[in-house]
Amino acid sequence: MASRPPMSMWISNRPYKKECYLEDFEGRRFKTILPHAAGRICFGISCGYLILFRGKTKNKDFWLVNPITRHELHFPCFPFNVGTDPTIIRCILVFSPSLSRWVFVVLRSFAYQVWLSIEGTQEWNRVSSAFPMIDLHAFKGKIYTIHMGCRVYEMRLNPYPKLTLLQTMNFLKPVFLCPEFLSSSENLYVTDCRFKDSYDVYELDFEEMKWVSSGKTLEECAFFINGFKYSAAFRSEVWVDHWSLYERCACFFATVDTGRKSRFLLSGIWYFPNDCLNVNRLDE
């Protein structure tokens, strides 16, 4: 399963027994039952884990369940009111080699704090920013946040949590109003939906520390846009052989922007099985 290309996912609304279906693009369905899902909302996906949150009780805790490996993680009652709208919550799961434990990181969009909990500690810590943060993302052993004005910060956990501004040579044009991270295995991107069916995408070139709006890597990518604000880019070798099948299962459109053709596939939930093998292991 972990070697399969992106799959569509559906989670039942049953209050006591939540079923999860993964569907490939030959129409085959794979069914599983999500433990500890009663009364919970799926807030996102990270490292192949579904992030299940219970927001209508005093115990606002998180259960993380991997539908393929069936492994589970639990994180304690969250100290901040996040509501029940999964589109405004950003959650990522990373692995800290120095601690030999998982670390769960949570951000409410346009808030000034990022919260984090270490597996097994039953507590939360936070790191604050002078600017409201919109999104966070784990990429190549590091955690990044993007703020108002598209300022990108690197977030380090050791020896203590802190945010460091990355100085870029240029700025995003047009200015992104609600930027979101997504990445491929090799590149980090920021995207923004300017209109109902139009997306702008920029790549962050780490060698020259500048934003790039065109190039071969962008042209070869298809961008899988997730309703959970957890999206990803895949090079042509992953999607080209399945393109007609992807079109059947998603809202597909192509736009022409700055001389390049961008491919976007929109779905309620995309599940990326390869994430089960790609642990967000931090460089420390």
Side-chain angles (χ1 to χ4, degrees), residues 2 35-36 42-54 60-80 82 89-109 111-129 133-147 151-166 180-189 204 206 228-232 271-284:
H36 305 289
C42 187
F43 263 20
I45 308 169
S46 186
C47 289
Y49 288 81
L50 306 184
I51 300 166
L52 305 174
F53 179 68
R54 180 168 52 189
K60 297 179 174 63
D61 60 344
F62 289 90
W63 274 98
L64 278 63
V65 181
N66 190 311
I68 294 178
T69 68
R70 305 302 299 273
H71 187 252
E72 302 174 49
L73 294 167
H74 178 256
F75 293 93
C77 182
F78 194 64
F80 188 74
V82 299
I89 304 301
R90 306 291 191 266
C91 307
I92 59 172
L93 183 66
V94 297
F95 186 81
S96 169
S98 62
L99 298 173
S100 295
R101 293 184 181 183
W102 292 98
V103 181
F104 187 50
V105 188
V106 180
L107 167 69
R108 187 181 189 276
S109 292
Y112 291 83
Q113 295 88 27
V114 178
W115 296 82
L116 55 126
S117 179
I118 301 171
E119 176 192 5
T121 62
Q122 297 300 307
E123 62 182 28
W124 291 89
N125 294 304
R126 64 181 178 180
V127 55
S128 298
S129 168
M133 291 169 277
I134 302 173
D135 198 11
L136 77 162
H137 195 75
F139 177 71
K140 287 191 173 183
K142 301 183 185 300
I143 300 173
Y144 297 99
T145 63
I146 192 164
H147 299 224
R151 302 177 182 89
V152 176
Y153 286 72
E154 180 183 330
M155 179 179 172
R156 289 193 173 271
L157 304 184
N158 289 319
Y160 56 87
K162 68 174 183 177
L163 294 165
T164 303
L165 176 65
L166 299 183
E180 297 176 8
F181 285 119
L182 59 89
S183 62
S184 64
S185 59
E186 296 297 328
N187 302 97
L188 180 65
Y189 305 96
L204 183 55
F206 283 94
F228 278 156
K229 306 300 180 183
Y230 175 70
S231 306
Y271 186 83
F272 308 118
N274 63 295
D275 281 352
C276 295
L277 301 177
N278 300 328
V279 174
N280 293 327
R281 187 180 181 90
L282 297 180
D283 294 333
E284 298 177 333

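Numbering starts at 1 and runs along the sequence shown.
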When you measure from the side chain of [X] to the backbone N and O of [Y], does any donor-acceptor pair fall under 3.5 Å?
X: N66; Y: H71; result: no
X: S109; Y: I134; result: yes
X: S129; Y: Y112; result: no

Taking C-beta and beyond as the side chain, do K60 and F53 meet within less than 4.5 Å on heavy atoms?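 Yes, their side chains come closer than 4.5 Å.
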Between [X] and [Y], how do the two ring planes meet: parallel, tilted or perpendicular, split at 30° and 60°?
X: Y144; Y: F206; value: tilted
X: W63; Y: H36; value: parallel
X: F75; Y: W124; value: tilted

Check L188, L166, L165 against V152 for a side-chain contact (heavy atoms from CB on, under 4.5 Å) and give me the one that passes. L166
For D135, salt bridge (charged side-chain N to carboxylate O under 4.0 Å, His left out) partners two or more places apart: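 Per chain and number, D135 pairs via salt bridge (charged side-chain N to carboxylate O under 4.0 Å, His left out) with R90.
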Salt bridge (charged side-chain N to carboxylate O under 4.0 Å, His left out) with R156: which residues, sequence neighbours excluded?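 So R156 forms a salt bridge (charged side-chain N to carboxylate O under 4.0 Å, His left out) with E154.
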Evaluate the side-chain contact (heavy atoms from CB on, under 4.5 Å) criterion for residues L93 and N280: first the C-alpha distance (whole Å), next the side-chain angles of each, then the deciding distance (0.1 Å), finally the verdict. CA-CA 7 Å; L93 183 66; N280 293 327; 5.6 Å; no
On a heavy-atom basis, which atom in L182 and which in S231 lie closest, and how many Å separate them? CB-O, 3.6 Å
What's the spacing between L64 CG and L52 CG if we round to 0.5 Å? 7.0 Å
